There are 2 protein chains.
Amino acid sequence: MTEEDRKTWQAVQDEVRRCISQRIWKPGELIPHEAELAQQFGCARATVNRALRGLAEAGLLDRRRKAGTRVTLNPVRRAEFSIPVIREEIEGKGQRYDYKIFLREMRVPPPDVQARLQLSGGISILYLQTLYTADNLPYAFETRWINSNAVPDVLSADFRSLSPNEWLVREVPFDGGDFTVSALTATEKEAGVLGCSQGASLLALDRTTQHDGQIITSVRLAFHPGYRMHTRL
Amino acid sequence: MTEEDRKTWQAVQDEVRRCISQRIWKPGELIPHEAELAQQFGCARATVNRALRGLAEAGLLDRRRKAGTRVTLNPVRRAEFSIPVIREEIEGKGQRYDYKIFLREMRVPPPDVQARLQLSGGISILYLQTLYTADNLPYAFETRWINSNAVPDVLSADFRSLSPNEWLVREVPFDGGDFTVSALTATEKEAGVLGCSQGASLLALDRTTQHDGQIITSVRLAFHPGYRMHTRL
DNA sequence: CATGAAATTATGTATGCACATAATAGACAT
DNA sequence: ATGTCTATTATGTGCATACATAATTTCATG
């Protein structure tokens, strides 16, 4: 190989990526160690380290001290989706975004939601049902529980110009949560609101959001039929 | 602040993360520049850079030369899923993995698949239908098109001990593709194979895989009802 | 031969320095 | 005011060096 022109870490990364994808270095195989690559590429070891670290994070390489670096045998393929911020998603398509709050009341959540929010029984919290529309067509139906004990300000929030989702994003910091994608069969309620037939297949996103140990909100978004989540690998 | 004990980049990152999540540094706000933080934390600027770079990649910080670093206003929340390798997924739950190939023939793909595979019309390629089972219960139904012109070896592959998916992962390198999640309504065929009622809602993953400019395969996985994709944020 | 201590080795992290690059801010001229 | 050039500044990258850490290999010892 003996390259002569000095390489930036990006160039090194590209070459290494090429060696992997063309199977010059085969899955499971040990690749030259950093010092050697540094010499081949005519750069410092730190530069090679920078390049390889990135590939390891991406799951293409397995690195272990002393053992060396090898091409991942069965690369865990990961897909990264950006979680939709509905207003941006709709406006990004050049459509008119709007929403309508159907329901807003204090209510004792059912047991499964209680568990998700780590609440003890009998406590009533804020419950909201919101329909998002794109060009006045139903886009997604949101059912949301907000732990109003953890976020008392929410009770006096005005959701007329800012949806509950955006209000929370703006007012409440968060540091964790979880996220589930599933397919659900439209109930009568969902069918009516989304303007589809009862029994239609809808993509559903369930999400909880937490901050400082407390679970702030639990939300389900049921999208109109035909909605897709897409990403490149 | 004036910390006295020297910090590793991870410790710096944790502290910065804390400042963000506790809104000591508010969304949109400019944070101290690297040199200043380095002094505060008692470490080199490179160490601070390492810490902040990671947070920027994670989407918590926006960094621009000269302009400085600020807390992301509307952090694009990203969810990362590991794409299921069905055998591992099933065996990981302690269940018995198996699969059965229903169909394996050369066939001219319909127009939409032709487009996805960037094929010109009239060319027939390999088409496969496979059912994956967990403890003998239907788990997912796979319909797959393989560009057998790009991968001629596939025609002589023996799929008895290795599923088409795993055969491809092992034999054909890849460097890109795309990935779509949607909800579908079970057709009569899918219902029959998966043992659910026709019209049931199923989670579907559509995926294409490419290598060196060519599209290698296009596959749809329809999961049994109740299947979920889950991740932590 | 088994066992565990010690040498070896590849990656991981930290530092100080230098220079590159992008973007702003300010000076200046039209 | 408006546009253009220039200086300034924060981040981005690279290098040489040093030491830390984890894991393997070697080797002495019972």
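No experiment lies behind these values; they were computed from the predicted model shown. Here is how names work: the chains are called A, B, and so on, in the same order as the sequence lines, proteins then strands, and each is numbered from 1.
- Within the 6.0 Å centre-distance limit, the rings of A:Y139 and A:H224 are counted as a close aromatic pair.
- B:D135 contributes a side-chain N or O that, together with a main-chain N or O of B:R96, makes up a donor-acceptor pair within less than 3.5 Å.
- The existence of a salt bridge linking B:R220 and B:D206 is confirmed by a sub-4.0 Å separation between a basic side-chain nitrogen and an acidic carboxylate oxygen.
- In this structure, the nucleotide among D:dT11, C:dA14, C:dT11 sitting nearest to the side chain of A:E34 is C:dT11.
- The side chain of A:H33 lies closest to C:dT11, out of C:dT11, C:dA23, D:dT24.
- Checking C:dA23, D:dT13, C:dA22 against the side-chain heavy atoms of B:R64 singles out C:dA23 as nearest.
- In this structure, the CD atom of A:Q13 is 11 Å from the P atom of D:dT13, given to the nearest Å.
- One interatomic measurement links the two molecules: CZ of A:R50 to P of C:dA14, which rounds to 15 Å at whole-angstrom precision.
- Rounded to whole Å, the distance from CG on A:L30 to P on C:dA10 is 9 Å.
- The pair A:E34-A:R45 meets the salt-bridge criterion, with a side-chain N (NZ, NE, NH1 or NH2) lying under 4.0 Å from an Asp/Glu carboxylate O.
- Among the nucleotides D:dT13, D:dT11, C:dG12, the one closest to any side-chain atom of B:R63 is D:dT11.
- Contact annotation: B:T69 side-chain N/O to D:dT11 OP1/OP2 distance is under 4.0 Å.
- Remark: A:T8 is in phosphate contact with D:dG14, judged by side-chain N or O atoms under 4.0 Å from OP1 or OP2.
- A salt bridge is absent between A:R63 and A:E57: the closest approach of a Lys/Arg side-chain nitrogen to an acidic carboxylate oxygen does not fall below 4.0 angstrom.
- As a whole-Å value, the separation of B:L55 CG from D:dT11 P is 13 Å.
- Following rounding to the nearest Å, A:D62 (CG) and D:dA22 (C1') show an atom-to-atom distance of 16 Å.
- For A:A44, whose side chain is taken as the heavy atoms from C-beta onward, the closest listed nucleotide among C:dA14, D:dT13, D:dC15 is D:dC15.
- With D:dT13, C:dA22, C:dT13 as the choices, the nucleotide that has an atom nearest any side-chain atom of A:Q10 turns out to be D:dT13.
- Residue B:K66 has its side chain nearest to D:dT9 when only C:dG12, D:dT9, D:dG12 are considered.
- Residue B:A46 has its side chain nearest to C:dT15 when only C:dT15, D:dG12, D:dC15 are considered.
- Judged purely by distance below 3.5 Å, without hydrogens or angles, the side chains of A:R77 and B:S82 never pair a donor atom with an acceptor atom.
- Between the side chain of A:R45 and the base of C:dG12 there is at least one donor-acceptor pair of N/O atoms closer than 3.5 Å.
- As a whole-Å value, the separation of B:N49 CG from C:dG16 C1' is 14 Å.
- Candidate nucleotides C:dT15, D:dA22, C:dT21 were compared by shortest atom distance to the side chain of B:C43, and C:dT15 ranks first.
- Here the C1' atom of nucleotide D:dC15 and the CH2 atom of A:W9 are 17 Å apart, to the nearest Å.
- Toward the 5′ end of DNA chain C lies the nearest nucleotide of A:G68, the other residue of the pair A:R53 and A:G68 mapping further downstream.
- Distance A:R65 CZ to D:dC19 P: 17 Å, rounded to the nearest Å.
- Note on B:T47: every side-chain N or O is 4.0 Å or more away from OP1 and OP2 of C:dT13.
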